[in-house]
Amino acid sequence: MGNENKPMKLVYYPGCTLKNQATNFDVSTVSSMAKLDVEVEEMAQWNCCGTVHALDSDNVMNRVAPITNLIRVKEANASEFMTSCAMCYNTLKRANIDVKQRADALETINDFLSLEKTKYEGDVDVLHLLEYLRDRVGFDKLAERVTKPLKGLRVACYYGCLLVRPKEVAFDDVENPMVMENLVRALGATPVDFSYKTECCGAYQTVDKPEVIAGRTDKIMGSAHEEQADLVVVSCPLCAFNLDFRQDDAKRLNPDFHNMPVLYFTQLMALAFGCDESALRFDLQHIDPLPALAARGLG
Amino acid sequence: MDTTLRITSARAGSDFVARIEKVSGQKLLACYQCGKCSAGCPMAAYMDVLPNQIIRLAQLGMQEQLLAARSIWMCVSCLTCNSRCPKDIKIAEVIESLRMTALRDGQRNDHLNIMELSPEARAVLPPIATISAMRKLTS
Ligand code: SF4
Ligand code: SF4
Ligand code: SF4
Ligand code: SF4
């Protein structure tokens, strides 16, 4: 961490969804990091990571998009960069691991990208913001910056799949990760036990099978409700869409379903650091978090 | 599954089995059918052939049954099965290989047509959803 006058710089890859529906994730990332003296610098040029890692080993084409981004990081004279989107993180990190292990695949990609001025040589590290906060900033330091402790707020931390699977990509325990719980505790809130925290939400089936997602959301959010959580925090805009926007479908499926707000972990940080609505953008949530926060004397 | 299976080793060494093993990078015969993959699968309720059954059918080279299964389009590559398999088999990779075998057969056998969704449905979907669905379900 730098001192007040010299903020640390960190190259930042936002991803497409943070520049579209998930603006709240983008602005809360940038604002909360500024409060920690970290200046996140969005990459001057980046492209969609492709969202999913191709599991078929002969599919080199789908690795081109993530690798192009790693080349852009090199061109920004950096050896590492951060993303807060769990899905971008997973896809970029896995492509990176894959080409480091398979010289032939990397060569094919570099050949395909022969018009690029820079060759990729496996020399960029992909970081997730949660990992950066834990390992570089430290939760003690983070706790010192809290101006509005989230006292009494009960938070269920949802990891979904992409932060913990596969294990080569996980920066915490695969079955029982705790990094978000520790972050939430540093903000003054109370993390609840949450047995569905790494249970998949159904992902992209949301596109044409919202009824499938309704079932997943009912189970996952129902489990958070049983633990008397006030809200759920996530790190992935697809989890957020399914758990927040698909609550209407869950309610149609199960009339006893209880609506509950879903926030990005960065919004919770920004809130505890005293950032205003322009950094929170609660207007973009489907389920309004203000009543739940007000019930705990926050908001 | 209500299909009747005739167990035979006739197709176990077929080109199809060899291709699935190559593309997925998995040794199908390592599976001892413990069922742990299916037990934790979040999509199992929507599948006609369970993940452990997919591995079994793949060992036996049952190409038609596998490529016609609804399951290969329901699996979302969440990797729960992979991370729990005691034999370290990457079931999700096997299923991806099956999906891609179906998608690469030149028939444009797509399992999603974004333009068939209502404009309202399309308007709310974030790019992270549509891009991932198209990468997984279309050729
Ligand atoms: S997750 Fe999305 S939307 Fe996000 S950058 Fe990667 S692909 Fe594009
Ligand atoms: S979107 Fe759903 S499927 Fe993806 S990581 Fe989040 S939990 Fe898993
Ligand atoms: S968990 Fe592994 S060994 Fe067990 S049935 Fe599934 S693939 Fe086979
Ligand atoms: S990767 Fe596919 S088969 Fe495996 S648990 Fe997830 S949805 Fe089920």
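In what follows, every chain begins at residue 1, and chains take the letters A, B, ... in the order their sequences are listed.
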Problem set entry | Side-chain touch B:Pro127/A:Lys19, heavy atoms, less than 4.5 angstrom | no
Problem set entry | Atom pair OG1/CZ of A:Thr91 and B:Arg135 - distance to nearest 0.5 Å | 9.0 Å
Problem set entry | A:Phe112 CZ: over 12 foreign heavy atoms closer than 6.0 Å | no
Exercise. CG of A:Asn59 to CD of B:Glu96: how many Å apart, nearest 0.5 Å?
Worked result: 7.5 Å
Problem set entry | Under 4.5 Å from any heavy atom of chain A - which part of B:Lys22 | backbone
Exercise. If you round to the nearest 0.5 Å, how far is OG1 of B:Thr130 from CG of A:Leu238?
Worked result: 9.5 Å
Problem set entry | Chi angles and distances behind the side chain to side chain contact (heavy atoms under 4.5 Å, CB included) call for B:Ser83, A:Glu175 | CA-CA 9 Å; B:Ser83 75; A:Glu175 292 287 353; 4.2 Å; yes
Seminar exercise, completed: Tightest non-hydrogen contact, residues B:Ile131 and A:Gly50, listed as CG2-O, 4.0 Å
Exercise. Could you walk me through whether B:Arg104 and A:Asp58 pass the salt bridge (Lys or Arg N to Asp or Glu O under 4.0 Å) check?
Worked result: CA-CA 12 Å; B:Arg104 292 181 195 172; A:Asp58 59 344; 2.8 Å; yes
Exercise. Just wondering, are more than 12 heavy atoms of other shown residues or ligands nearer than 6.0 Å to CD in A:Glu107?
Worked result: no
Problem set entry | side-chain contact (heavy atoms from CB on, under 4.5 Å) partner of B:Ile128, the single match among A:Cys85, A:Cys48, A:Cys16 | A:Cys85
Problem set entry | A:Val212 versus chain B, the contacting section by heavy-atom distance below 4.5 Å | both
Problem set entry | A:Asn20, part contacting chain B, at a heavy-atom distance under 4.5 Å | side chain
Problem set entry | Greater than 12 external heavy atoms within 6.0 Å of B:Asp110's CG | yes
Problem set entry | Side-chain heavy atoms of B:Val124 within contact of A:Phe245, under 4.5 Å | no
Problem set entry | A:Asp104, CG atom: more than 12 neighbouring heavy atoms under 6.0 Å | yes
Exercise. For B:Met134, is it the side chain, the backbone, both, or neither that has a heavy atom closer than 4.5 Å to a heavy atom of chain A?
Worked result: neither
Exercise. Relative to chain A, which segment of B:Ile114 carries a heavy atom at a distance below 4.5 Å: side chain, backbone, both, or neither?
Worked result: side chain
Exercise. For B:Leu117, is it the side chain, the backbone, both, or neither that has a heavy atom closer than 4.5 Å to a heavy atom of chain A?
Worked result: side chain
For this session: Tell me, for B:Arg84 versus chain A, whether the close heavy atoms (under 4.5 Å) come from the side chain, the backbone, both or neither.
Result: side chain
Exercise. Of all heavy-atom pairs between B:Val76 and A:Tyr204, which one has the smallest distance, and what is that distance?
Worked result: CA-OH, 3.5 Å
For this session: Verify the neighbour count for atom NZ of A:Lys219: are there more than 12 heavy atoms of other residues, nucleotides or ligands below 6.0 Å?
Result: no
Exercise. If you measure from CZ on B:Arg99 to CG on A:Leu55, what distance do you get to the nearest 0.5 Å?
Worked result: 7.0 Å
Exercise. Hey, is NZ on B:Lys27 packed in by over 12 heavy atoms from elsewhere, all under 6.0 Å?
Worked result: no
For this session: May I ask you to name which of B:Ala133, B:Ser132, B:Cys41, B:Ser97 has the most heavy-atom pairs under 4.5 Å with chain A?
Result: B:Ser132
Exercise. Atom CG of B:Leu112 and atom CD of A:Gln205: how far apart are they, to the nearest 0.5 Å?
Worked result: 9.0 Å
Problem set entry | Flag side-chain contact, heavy atom, 4.5 Å: B:Met43 against A:Arg216 | yes
Exercise. For the atom pair OG (A:Ser57) and CD (B:Glu93), what is the distance rounded to the nearest 0.5 Å?
Worked result: 9.0 Å
For this session: In sequence, state the C-alpha distance, the side-chain angles, and the governing distance for B:Thr80 and A:Cys161, and then conclude on side chain to side chain contact (heavy atoms under 4.5 Å, CB included).
Result: CA-CA 8 Å; B:Thr80 308; A:Cys161 318; 5.6 Å; no
Exercise. Hey, mind stepping through B:Leu125 and A:Phe241 against side chain to side chain contact (heavy atoms under 4.5 Å, CB included) and telling me if it holds?
Worked result: CA-CA 8 Å; B:Leu125 287 168; A:Phe241 180 76; 3.8 Å; yes
Problem set entry | Contact class of A:Lys209 relative to chain B, heavy atoms under 4.5 angstrom | side chain
Problem set entry | Contact class of B:Ala121 relative to chain A, heavy atoms under 4.5 angstrom | neither
